[in-house]
Amino acid sequence: MSYSPLSRDEIAKRAAKDIPDGAYVNLGIGLPTKIAKYLPKDKEVFLHSENGLLAFGAPPEAGFEDPELINAGKEFVTMLDGGSFFHHGDSFAMMRGGHLDICVLGAFQVAANGDLANWSTGALDAIPAVGGAMDLAVGAKKVFVMTNHTTKEGEPKIVDTLTYPVTGKHCVDRVYTDLCVIDVTKDGLKVTEKVAGLSFDELQRLTGAPLIDATK
Amino acid sequence: MSYSPLSRDEIAKRAAKDIPDGAYVNLGIGLPTKIAKYLPKDKEVFLHSENGLLAFGAPPEAGFEDPELINAGKEFVTMLDGGSFFHHGDSFAMMRGGHLDICVLGAFQVAANGDLANWSTGALDAIPAVGGAMDLAVGAKKVFVMTNHTTKEGEPKIVDTLTYPVTGKHCVDRVYTDLCVIDVTKDGLKVTEKVAGLSFDELQRLTGAPLIDATK
Amino acid sequence: MIDKTQKSMQEVLSQIKDGATIMIGGFGTAGQPAELIDGLIDLKVKDLVIINNNAGNGDFGLAKLLKSGAVRKIICSFPRQSDSWVFDELYRAGKIELELVPQGNLACRIQAAGMGLGAVFTPTGFGTLLAEGKETRNIDGKDYVLEYPLKADFALIKAAVADRWGNLIYRKSARNFGPIMAMAAEVTIAQVADIVPLGGLDPEHIITPGIFVQHVVQVPAIVSSAQA
Amino acid sequence: MIDKTQKSMQEVLSQIKDGATIMIGGFGTAGQPAELIDGLIDLKVKDLVIINNNAGNGDFGLAKLLKSGAVRKIICSFPRQSDSWVFDELYRAGKIELELVPQGNLACRIQAAGMGLGAVFTPTGFGTLLAEGKETRNIDGKDYVLEYPLKADFALIKAAVADRWGNLIYRKSARNFGPIMAMAAEVTIAQVADIVPLGGLDPEHIITPGIFVQHVVQVPAIVSSAQA
């Protein structure tokens, strides 16, 4: 049997389905940002940005960019009616204090115990940068990860134990990949969905940690 | 020789002279509050109140009281142009963070080393209450005390060692009494001014700790 | 559509059960959510732990709640006032437990809870009776006491204006503990004088963003005869 | 009469000496006080320690300051960006020291300084390389790292409007680190687009009360060609 991995937009669309009405959500820079496009119009979801925005909206039309209205990815945004501005202290209190319902982060690796690596590859010549990743990992009530199932070279990104430096320990609740959806539980990694045509055995072969089939 | 102790208003007037232009000042509940009346009109002094006011002004005229515009003594006040409101967290950051230039507090006792007692007499049947006294004692850059030199019973309030429970250790910089002005220094208690007709010996007799005559 | 203003006060308050820890905003009566407190009294819940700066004034609001017998313990900085006779009597009769906290440590411990900190070293209270038995440390030549966050199941606060997302602005010195209590409680219930449509509050002027507020109850402002 | 707006930018900045620790506001270029930074470069001081979220973008502002060789060390959360080539080159050449701090700990440590706390237990970074060698503690079942306040001799920040007492309001996401840095520095210098008479700012809307601001310098807003 053959199968098609989800496109980046399809992963975003799938993750968007799990964001409930009224949720306060931080979408990490990069891939997770795409989720905003797929939030259903009949839901009100409050997007938070590290640099002091709550309830920001879509990018402005060309010509209406404001250099003082950007998100954490330094992209131009707009504000929704009912949005608010606040300083960095309050912004990170929203995370660290457990007020954000969900954050969605990218990942280099996710371990079977929910450890997340997404800030450093550990390469000796790399310039380290961490931003708000560690704060989001420990702070949000639910941490979702959105990632390709394997690296470009085909190496598993879901692993038994991290080989990259850790961002946050035991923090990941759910992983959305181009092949499946995985819940991180005390019993292990439970696959709740997978793309059509992909066998569980094949998925396990592409994964560096034992999976539990919970797709039935 | 005979002498007249200063009245409460005269102590306040004397203390007011030492508050410089542009100072951020918290005047403790009770006696110190009187200082506000004697701040010279040509100076701009910023009065801070624990409950989230900066640059408040005189009491309102009768009929213009606002139950939501009170100071820490729960007296009706007004706001000056340029005043601001903030929450209790920021208000105490102003103290604890060393942003207030001066606070003026009442006292049960001041010790020779600058220890202050002003929150509890230690009486067993008393209901304890502390408010912001301990925060002001440790937080303001300069802590002034305003008090009668002795109790109504004639006991010294400036003492070698506190017998009442301490509010803050080594915190008092200067004491204004009805008889004199005392600087608390590493060398000891220096009397810099005393009322006319009062001999140093008599002042020492009314005081529970050694004084240094620095009035010349 | 998210509308945090839709439930009745009674419905909102009915979440509160025996033994709950409740922050109540206000400094004296300024910012005290008197109507929410009346609603709380009507619930007839017991064994409450109350966090407030004071311990009630006169016979209304917080004082009335204490009098109703609903409160097991109060955490505050300044219980003793000229008109705190309700508390005074309960305390002297051994019918209420008191945890006395310096006002700035009260604020700071509430902030620590809202900010998700595990504990903080604060200079306030060092060497005093109120720090007895607590861990201390000298940091850079200055002495500090280790204080733990004050969390709550509920915060009952009073603001001036809200929108349906729970964004709040306050009025004058009624702001006091409202913003930091809203951040520290699991469920924050705000009583407000006015509710405006979304967009009616300027995003630059919002003091408490709606993320910190779960329910809004409108209580039209009455010219109050309450003493401040 | 207290007028914090009276001195020239040059006069105000001339207080800054070799070896000073300076907080610079801004997230990327939003809120970055570019003109104050240009003035700082003109001082030709050396061995500065800079605290900012980033390490400069492009060739202007903070990046230009780094390029001038004035900076010994930078404390930040996110130095590496697509346009951080100035920092990248200095760092790879071993010409600048980097202390990397998670963004929320950066904010929290700045807040701790402004609030007068000795240290705080924060959950962020526990178990990571950035907490190596730091004191940790398990409190109520959760792990925390002990972090110390970040203080500064000066804060250079950008706000929108000031009055002569130094009260400030900000504009949109340019607010970011401004209010907390103003609280943490010995001397805060704010550049603003507009100055209004006393009373021109509503006391309910002031974000940074003047107690946290020592000097205000007016820099008329220019439609910026800077990339955000």
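Predicted, not measured: the structure shown is a model, and the values here were computed from it. Chain identifiers are assigned alphabetically (A, B, ...) following the order of the sequence lines, protein sequences preceding nucleic acid strands; residue numbering begins at 1 within each chain. Excluded from the calculations below are hydrogen atoms, water molecules and symmetry mates; all remaining heavy atoms, backbone and side chain alike, are included.
Cation-pi contact between A:Lys169 and D:Phe126: absent, since separation from the ring centre below 6.0 Å together with deviation from the ring axis within 45° is not met.
Proximity to chain D (any heavy atom under 4.5 Å) is restricted, for A:Asn71, to the backbone atoms N, CA, C and O. Heavy atoms closer than 4.5 Å to chain D are found in both the backbone and the side chain of A:Phe85. Contact of D:Phe177 with chain A is made through backbone and side chain together, with heavy-atom distances under 4.5 Å. Looking at A:Thr167, the atoms closer than 4.5 Å to chain D (heavy atoms on both sides) all sit in the backbone: N, CA, C or O. If you measure heavy-atom distances from D:Ala107 to chain A, the contacts under 4.5 Å come from the side chain alone. Neither the backbone nor the side chain of D:Asp143 comes within contact range of chain A, judged by heavy atoms closer than 4.5 Å. For D:Phe87, the part sitting under 4.5 Å from any heavy atom of chain A is the side chain, from C-beta outward, and nothing else.
Listed for the D:Thr128 side chain is no donor-acceptor partner under 3.5 Å among the backbone atoms of A:Val166. At distances below 3.5 Å, not a single donor-acceptor pair connects side-chain atoms of D:Arg80 with backbone N or O atoms of A:Pro128.
Rounding to the nearest 0.5 Å places NZ of A:Lys74 at 8.5 Å from CG of D:Asp83.
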Item to complete: Tell me, with the steps shown, if A:Trp119 and D:Leu129 meet side-chain contact (heavy atoms from CB on, under 4.5 Å).
Response: CA-CA 11 Å; A:Trp119 76 282; D:Leu129 288 175; 4.1 Å; yes

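Between A:Glu68 and D:Arg171, at least one side-chain N (NZ, or NE/NH1/NH2) sits under 4.0 Å from a carboxylate O, which counts as a salt bridge.
In terms of heavy-atom pairs under 4.5 Å with chain A, the best-connected choice from D:Asp88, D:Thr122, D:Val101, D:Ile110 is D:Asp88.
Contact annotation for residues 33-55 of chain A against chain D (heavy-atom separation below 4.5 Å, listed by residue number): A:Glu50, A:Asn51, A:Leu53.
Checking D:Gln111 against A:His88 by side-chain atom types alone, no donor-acceptor pair falls below 3.5 Å.
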